[in-house]
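Structure, as structure tokens:
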Amino acid sequence: LINSENTKTRWNQIIATSFKNAIDCDFAVHLPSFTGVDLPAGDITREMIIQSYPRYFNIHRKEGWHLYKIKIFGLFIKPFVHGLIKFGAGAAFSGLEVNYDKNRNKLGDIYINNKKLKLFKSYSVVLPEGLVKGSFETIRFSHYVFKRALKTKESIWNAIFNYIEKIKV
């Protein structure tokens, strides 16, 4: 399974879907730039998942990064998604579809779980810990969105492993 920082690959989609599958939410976001090595063909082990997503903030936290859940109004989703795409983050989504005109750098309609985005509806979003914690330093106004993010008990490694076990990749 190939990881590519700026393209949508099967592995990146599996990771995004594993986030959504692990935590009850409207959609999930995965940033491929957080992943590491590609995985060879064959069975996938927990060790391979850790090598493919080698992220932790504290060596004493042996479970790696966790998933965070936030509530966000639809009004803020379009600029959030546009920011991820515009700055080359190469985001992979599960539960969210967007049309993007690269030549004009313009987003089209956004659909969440096959329904058109509603600006004044509150949506639940699952994000990797690195996006939540790292964005405070790098993305303007992110503290308004992420300050209420709740750390879940689910680690990214467990979410990916459990989803792979479920679908038998």
Side-chain angles (χ1 to χ4, degrees), residues 1 3 5 7-35 44 46 49-50 52-53 55-57 61 63-87 89-100 107-136 138-139 141-169:
L1 292 167
N3 167 52
E5 190 171 311
T7 60
K8 190 174 183 179
T9 65
R10 174 116 167 92
W11 182 235
N12 289 331
Q13 199 57 47
I14 287 171
I15 293 172
T17 304
S18 75
F19 294 177
K20 186 175 188 307
N21 192 64
I23 306 295
D24 181 38
C25 67
D26 293 306
F27 71 94
V29 178
H30 160 59
L31 296 183
S33 59
F34 289 156
T35 53
I44 298 171
R46 187 173 292 275
I49 290 168
I50 293 168
S52 181
Y53 210 107
R55 302 285 178 235
Y56 56 89
F57 284 119
R61 265 187 38 204
E63 69 278 359
W65 282 357
H66 278 251
L67 294 172
Y68 277 66
K69 187 174 182 177
I70 64 168
K71 288 280 196 176
I72 184 171
F73 280 103
L75 182 67
F76 299 108
I77 290 174
K78 197 166 190 175
F80 172 68
V81 169
H82 190 252
L84 290 174
I85 293 171
K86 182 179 177 182
F87 297 112
F93 302 100
S94 179
L96 182 143
E97 292 179 40
V98 60
N99 296 314
Y100 177 65
L107 289 183
D109 291 334
I110 293 178
Y111 294 87
I112 297 179
N113 297 315
N114 299 317
K115 295 178 184 168
K116 194 169 180 178
L117 176 76
K118 293 183 179 177
L119 298 180
F120 297 104
K121 180 179 177 182
S122 179
Y123 293 93
S124 58
V125 186
V126 169
L127 306 163
E129 184 171 358
L131 178 58
V132 173
K133 288 186 173 180
S135 68
F136 282 106
T138 59
I139 302 172
F141 304 118
S142 65
H143 58 282
Y144 294 114
V145 176
F146 295 140
K147 72 179 176 182
R148 290 192 178 94
L150 299 173
K151 180 180 176 182
T152 70
K153 291 183 179 184
E154 188 71 54
S155 78
I156 289 174
W157 296 337
N158 282 339
I160 297 170
F161 185 78
N162 292 337
Y163 184 67
I164 287 172
E165 286 289 301
K166 181 180 174 180
I167 63 169
K168 301 291 183 200
V169 170

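This structure is a prediction, so every number in the text was calculated from the model and none was measured.
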If I compare all heavy atoms of [X] with all of [Y], which pair ends up nearest, and what's the gap?
{"X": "W157", "Y": "G64", "answer": "CZ3-N, 3.4 Å"}
{"X": "F93", "Y": "A16", "answer": "C-CB, 3.9 Å"}
{"X": "A22", "Y": "A159", "answer": "CB-CB, 3.7 Å"}
{"X": "K20", "Y": "A28", "answer": "N-CB, 3.6 Å"}
{"X": "I156", "Y": "P128", "answer": "CD1-CB, 3.7 Å"}
{"X": "E129", "Y": "Y68", "answer": "CG-CE1, 3.4 Å"}

For this session: Quickly, which of L96, N113, I72 forms a side-chain contact (heavy atoms from CB on, under 4.5 Å) with D26? Name it, please.
Result: N113
Straight-line distance of [X] [atom1] to [Y] [atom2], nearest 0.5 Å:
{"X": "F80", "Y": "L127", "atom1": "CZ", "atom2": "CG", "answer": "5.0 Å"}
{"X": "I14", "Y": "S94", "atom1": "CD1", "atom2": "OG", "answer": "11.5 Å"}
{"X": "K69", "Y": "I23", "atom1": "NZ", "atom2": "CD1", "answer": "7.0 Å"}
{"X": "L119", "Y": "K78", "atom1": "CG", "atom2": "NZ", "answer": "8.5 Å"}
{"X": "I164", "Y": "I49", "atom1": "CD1", "atom2": "CD1", "answer": "4.0 Å"}
{"X": "K151", "Y": "L67", "atom1": "NZ", "atom2": "CG", "answer": "11.0 Å"}

Exercise. Do the side chains of K118 and Y123 get nearer than 4.5 Å, heavy atoms only?
Worked result: yes
For this session: Answer whether the closest heavy-atom distance between the side chains of I77 and I112 falls below 4.5 Å.
Result: yes
[X] (side chain) donor-acceptor with [Y] (main chain) under 3.5 angstrom:
{"X": "Y100", "Y": "H82", "value": "no"}
{"X": "N162", "Y": "N158", "value": "yes"}
{"X": "E165", "Y": "I160", "value": "no"}
{"X": "H30", "Y": "A92", "value": "no"}

For this session: Go through I110 and F27 one step at a time and tell me if the side-chain contact (heavy atoms from CB on, under 4.5 Å) criterion holds.
Result: CA-CA 12 Å; I110 293 178; F27 71 94; over 6 Å; no
For this session: Assess whether atom CG of D109 is packed by more than 12 heavy atoms of other residues, nucleotides or ligands within 6.0 Å.
Result: yes
